[in-house]
Every structure is written in C-alpha cells, then in structure tokens.
Asker: 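Pasting a structure below so you can have a look.
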Amino acid sequence: MKITIIGAGPGGYEAAIYAAKKGAEVVLIEKDSFGGTCLNRGCIPTKAFLASSSVLEMAHEAKSYGIKIDGTIEPEYSKIVDRKNKVVAGLVKGIGALLTANNVTQIKGFGKIVDKNTIEVTKDDGTIETVTTDYIVLGMGSVPTTPGMFKYDGNRVITSDEILDMKEAPQSVILVGGGVIGTEIGQFLAAMGTKVTIVEMMDRLLPTMDEDVSKQLARQFKKDKINVITSNGIAEVLPSSGSVEVVLQSGDKLSADYLLVAIGRMPFTKDCGLENVGIEFTEWGGRVKVNEYLQTNVDNIYAIGDLIDTAMLAHVATYEGICAIDNIMGKQWSPKYHAVPGCVYTTPAIASVGATELELQKEGKTYNTGTFDFRGLGKAQASGHIAGFVKVIADENDVLIGASIVGDTATDMLQVLTLAVQLGLTSEQMLQSIFPHPTMCEAILEALHDLHGLSIHKL
C-alpha cells in the first residue's frame, strides 16, 4: 500500500512516520520546511520568543527572590531571533532524520493533484516529478487571513510570518485581533520595549473563552502597559513608507511603525489541483468536506488539519493524521472533538478544554462550577506565581464537561482535565486519586471539591 501525504506540518509528518511504522510505503511532499507553520512560523518560534521574555521578566524580579543582579538588564533582540532560528533549525533537522530513519520518501516541492492516483511535484529548480499512489492525505495547512481592506504588503502591514524574522524590535505596533496570536505576540513585543496597541472587535480579549479568563489577562496587560481597545474595529488603513495610520470604526486614529494583522488563518488550497478530482468544499470558510472518517468525497483521498472544519491547532492536526492513516489501513475510528485542549502561552498562561460557561449559557444547559485561586496554594506562594485560578465545569450528573486554567504551568496541567473530559469522568472519580503536594495541580483538587462546596483551603 502506497500513501502520499501533501504537507509536512505536524499532521502530515507525524502521519507519514506512523504510516511507515505500520508498514505502508510513504511519500511526503512539502513545498517549504518540514514542521509546517507550527514549527517554522507559529507554535515553536513564538514559544522561543516567549521563553526569552520570561527569562527577562525573572531577571527583573530576581530581587524579590533574594537574588542580587548588578548591571543593566536588557534584551538583545537580534540574539533572541538567532536563538529562535537555532531552535527551529534543530527541530526541522530532527524531523528529517526521523523521516529518513523510517524510510519515508521526502520530496521538496509544490504538490498538485492531477488525478486521484497521480501527483505532480514542481521542485525549486523547475523540474517536475510525478508520483503515483494508492491513497492521498491532504495536509497543506493554512495561511494568515489578510482581507483586502488591510492593504497587506509585508512591509508596513504585516502578519505573524514577518514579525518573527525582524532583526530589531519595532518601536510601535498595532495588532488587529485579540485572540491567541495577537495576545502572545503583543505581550512578547511589549516586553521587548515596543509600544503595543491591540484592537479587538469583540468586547474583550480572547472572546471565545469565558469572561473570567479574559479579565485575568486584561489585568496583566494593563500592568504590561499594553493598550487594549475592544468593541472597535478597523475602518481604514493608510500605510506609508515609514509608518501606518489606521482609522477605527469609532472614528479615532492610531499610528505606529507597523500594523500586524492577526485575525485568523484560512486553508491553503490554491493551485493544489483539488478541482481536478472534484474535491468538495464547505459553503462557509472554504474548508475541505470530509466524512466521519476524514475521507473526502473522493474515496482514496483524506484531509486533515487546518484544511477541514475543525480547530486550527497543531495537536488536532496530529490527532487527525493518525486517525486518517488508521482508517486508510483498516482500523476505522472517528475523531472526537468534545475535549480539544487549547493553550495560550501568555503570562499568566491560559489553558482550556471542553465546554465553556459562555457556550452552556447560550445553549440553556444546566451546569455547576468549582473554582480555586492559585494564591491559596503553598507551592504558588513559594514560587511566587500566585496569579490565576482553576475552574472546572460539571453537568447535572457531576460529569466533567469543561475546564479552564489561568496561571503558571497552566498549559502543562491541562492534560489531567483533558483526560477527565474525554473519558466523561465525574468529580467523585477524580477525587479518588491522590494529588501530589506541594504542586500547582492541587488547585485542580480544590476546584473539584468546590463543585460541592467542600474546598478545604477556600474561604
């Protein structure tokens, strides 16, 4: 069995290795670098940046921990970028080594479907290689959304792609969008000394999350001197050679060195030949239509990740890639999306899974919540990370259906609650396990008790 995967992002390259381990002959086609957007222009570069700003923050706070640091503490932006590039390059090389070790044929070039069993790959030198295959997995990923009104030029009006490779921190930037991308990049740039303004059309930052989560981040952004404008949008963009001016829908004007558009991403399908085999798309959003097994309307072609109508997250793409390969190779199962973990790597970090109160209220469903603030934990006080809380949500039968964590190590703690929501565990079942002390995850224990008014350390 020969499986060809177009796109070597987290979904594509992990699916390729998985399929090879299961005995398939695998070809992986990638027009750019292995790792896709996540590794090269998204998850990993931004986390490398945020790691640098975290070290800077700790250095500034060293005195409060009894540590004396003499001299000037300031970022060296070019070296931060160099470190980011080194991290990315090392991981890209590692992926290549894994693919080679698992006998995955790697082709660098732009893949275009000719028919359901044939792909033409145009390489960088202009030559074309033809690949014949039994099955195709589409994993081409996505690109930043840049509506025409923003006058994107890659110069003064930019996306997250361009900001990651600047050699100097901009003096000022206006960020359009207060979602995950906008908040992470905005906080990093503010730590580097950039004057940051975030413009969000909705009434708060991270508008898809619960209000208590958004408020916690808004308080931190106020301390960080990040200007946040909500319930407003961009009416007009006026770029010039040295700056950019925007007119808000309210009529107010703002100017900065750059306008960074961070309002989301769109599937990348342009010139990929999907029309040659009659691939069907959704009416809204231009996503590739798939059935419950991730199979398109063309029986031997599957689609995963940002191309389909699911959460645009690297770990979701990986999950779907494994599922698609299993289904191709005879082990049929359908992906479940009721427990998709989401992470925001700001300070404080934010992590959530399952239903939110916002969603449940809109649906008129009955639910209970339990909360606990980190400041009530010995570990939080000892480490100095007291900001934030854990919130768990249970239905009328005490089954955990959602959770949010705001605070230090939130993204690492989330998996405990993700598993609980995935398996439909009750708080009573969770409370039968022993939580280690002293840890930040004891806040989960306390929040679970709080569902029934029994939190030990909550006033």
Side-chain angles (χ1 to χ4, degrees), residues 37 41-43 45-47 49-50 52-53 75 77 80-81 84 142-166 168-209 213-214 217-240 242-250 252-266 312 344-347 349-350:
T37 294
R41 295 174 298 280
C43 314
T46 53
K47 295 323 126 345
F49 276 172
L50 290 166
S52 292
S53 61
Y77 197 83
I80 291 173
V81 174
K84 178 267 294 183
S142 61
V143 293
T145 301
T146 53
M149 65 162 291
F150 290 109
K151 300 178 182 177
Y152 167 74
D153 58 9
N155 181 28
R156 289 294 158 184
V157 182
I158 61 176
T159 67
S160 55
D161 287 358
E162 289 83 17
I163 199 71
L164 293 173
D165 288 318
M166 286 187 174
E168 296 181 355
Q171 293 295 309
S172 57
V173 64
I174 300 167
L175 273 154
V176 186
V180 176
I181 298 172
T183 53
E184 288 186 355
I185 291 178
Q187 192 175 47
F188 166 72
L189 290 175
M192 296 298 106
T194 302
K195 180 182 177 183
V196 176
T197 299
I198 297 177
V199 179
E200 169 56 53
M201 285 191 66
M202 303 296 284
D203 62 353
R204 54 193 169 85
L205 297 171
L206 302 176
T208 60
M209 294 188 174
V213 173
S214 299
L217 188 60
R219 285 194 289 270
Q220 182 61 48
F221 275 22
K222 188 174 182 179
K223 293 178 184 177
D224 295 337
K225 296 181 171 54
I226 298 173
N227 182 27
V228 178
I229 299 172
T230 57
S231 301
N232 213 331
I234 306 294
E236 188 176 8
V237 177
L238 304 168
S240 64
S243 64
V244 61
E245 183 178 271
V246 300
V247 180
L248 301 181
Q249 290 176 348
S250 62
D252 296 325
K253 295 182 179 180
L254 302 171
S255 63
D257 290 345
Y258 298 94
L259 176 69
L260 196 161
V261 182
I263 58 173
R265 302 182 66 85
M266 57 187 289
M312 285 185 164
V344 187
Y345 294 85
T346 48
T347 299
I350 297 168

Asker: Tell me whether T159 contacts the main-chain N or O of D161 through its side chain, where contact means a donor paired with an acceptor under 3.5 Å.
Answerer: yes
Asker: I226 and G186: which non-hydrogen atoms are nearest, and at how many Å?
Answerer: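 Answer, listing the atom of I226 first, then G186: CD1-O, 4.0 Å.
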Asker: Kindly indicate whether the side chain of S142, heavy atoms from C-beta on, has any atom under 4.5 Å from the side chain of M266.
Answerer: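 Counting from C-beta outward, S142 and M266 never come under 4.5 Å.
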Asker: Apply side-chain contact (heavy atoms from CB on, under 4.5 Å) to F221 and T183, showing your working.
Answerer: CA-CA 9 Å; F221 275 22; T183 53; 3.9 Å; yes
Asker: Evaluate the criterion side-chain contact (heavy atoms from CB on, under 4.5 Å) for residue pair V246 and V176; output intermediate values, then yes/no.
Answerer: CA-CA 10 Å; V246 300; V176 186; over 6 Å; no
Asker: Taking atom CD of Q249 as the centre, report whether more than 12 heavy atoms of other residues, nucleotides or ligands fall under 6.0 Å from it.
Answerer: yes
Asker: To the nearest 0.5 Å, what is the distance between CE on M166 and CD on E162?
Answerer: 7.5 Å
Asker: With side chain to side chain contact (heavy atoms under 4.5 Å, CB included) as the test, pick out the partner of V244 among V237, L254, L238.
Answerer: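 Of all the options given, the one that passes is V237.
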Asker: If you define the side chain from C-beta out and look only at heavy atoms, does anything of I181 sit under 4.5 Å from P144?
Answerer: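 Contact flag for I181/P144 side chains = no.
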Asker: Compare every heavy atom of M201 with every heavy atom of G233, then report the nearest pair and how far apart it is.
Answerer: CA-CG, 3.8 Å
Asker: Kindly give the heavy-atom pair with the smallest separation between P75 and M192, and that separation in Å.
Answerer: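 Taking every non-hydrogen atom into account, CB-SD, 3.7 Å.
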Asker: Kindly give the heavy-atom pair with the smallest separation between Y345 and E184, and that separation in Å.
Answerer: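 Looks like N-OE2, 2.7 Å.
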Asker: Which distance, rounded to the nearest 0.5 Å, do you find between the CD1 of I198 and the CD1 of I174?
Answerer: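 So the gap between those two atoms works out to 11.5 Å.
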Asker: At their closest point, which heavy atom of M149 faces which heavy atom of I234, and how far apart are they?
Answerer: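 Scanning both residues, the minimum pair turns out to be CE-O, 3.0 Å.
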Asker: Please say whether more than 12 non-hydrogen atoms of neighbouring residues, nucleotides or ligands are located less than 6.0 Å from NZ in K151.
Answerer: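 Counting neighbours around NZ of K151, more than 12 heavy atoms of other residues, nucleotides or ligands fall under 6.0 Å, so yes.
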Asker: Specify the closest pair of heavy atoms between S214 and M209, including all atoms of both residues, with the distance to one decimal.
Answerer: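 Where S214 meets M209 most closely, the heavy atoms are OG-O, 4.3 Å.
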Asker: The test is side-chain contact (heavy atoms from CB on, under 4.5 Å); show your working for K222 and V228 and say whether it passes.
Answerer: CA-CA 8 Å; K222 188 174 182 179; V228 178; over 6 Å; no
Asker: Are the side chain of R156 and the backbone of E245 linked by a donor-acceptor contact shorter than 3.5 Å?
Answerer: no
Asker: Step through the shown structure and confirm whether more than 12 heavy atoms of other residues, nucleotides or ligands are within 6.0 Å of CE on M312.
Answerer: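 For M312, atom CE is crowded (more than 12 foreign heavy atoms under 6.0 Å).
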Asker: Determine whether a donor-acceptor pair (N or O, by modelled atom type, separation under 3.5 Å) exists between the side chain of S172 and the backbone of D257.
Answerer: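 Looks like yes, one N/O pair under 3.5 Å.
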Asker: How many angstroms lie between CG in L259 and CD1 in I158, if you round to the nearest 0.5 Å?
Answerer: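 That separation rounds to 8.0 Å.
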Asker: Kindly compute the distance separating OG1 (T347) from CD (Q187), expressed to the nearest 0.5 Å.
Answerer: 4.5 Å
Asker: Are Y258 and I163 close enough that some pair of their side-chain heavy atoms sits under 4.5 Å apart?
Answerer: no
Asker: Parallel under 30°, tilted from 30 to 60°, perpendicular over 60°: which one fits the rings of F49 and F188?
Answerer: parallel
Asker: Might you work through the salt bridge (charged side-chain N to carboxylate O under 4.0 Å, His left out) test for D165 and K84, ending with a clear yes or no?
Answerer: CA-CA 9 Å; D165 288 318; K84 178 267 294 183; 2.8 Å; yes
Asker: Nearest 0.5 Å, what's the CD1-CG distance between I229 and L175?
Answerer: 11.5 Å
Asker: How long is the straight-line distance from CG of L50 back to OG1 of T346, given to the nearest 0.5 Å?
Answerer: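 T346 OG1 to L50 CG: 8.5 Å, rounded to 0.5 Å.
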Asker: Take T46 and L164 through the test side-chain contact (heavy atoms from CB on, under 4.5 Å) and record every step on the way to the result.
Answerer: CA-CA 8 Å; T46 53; L164 293 173; 4.0 Å; yes
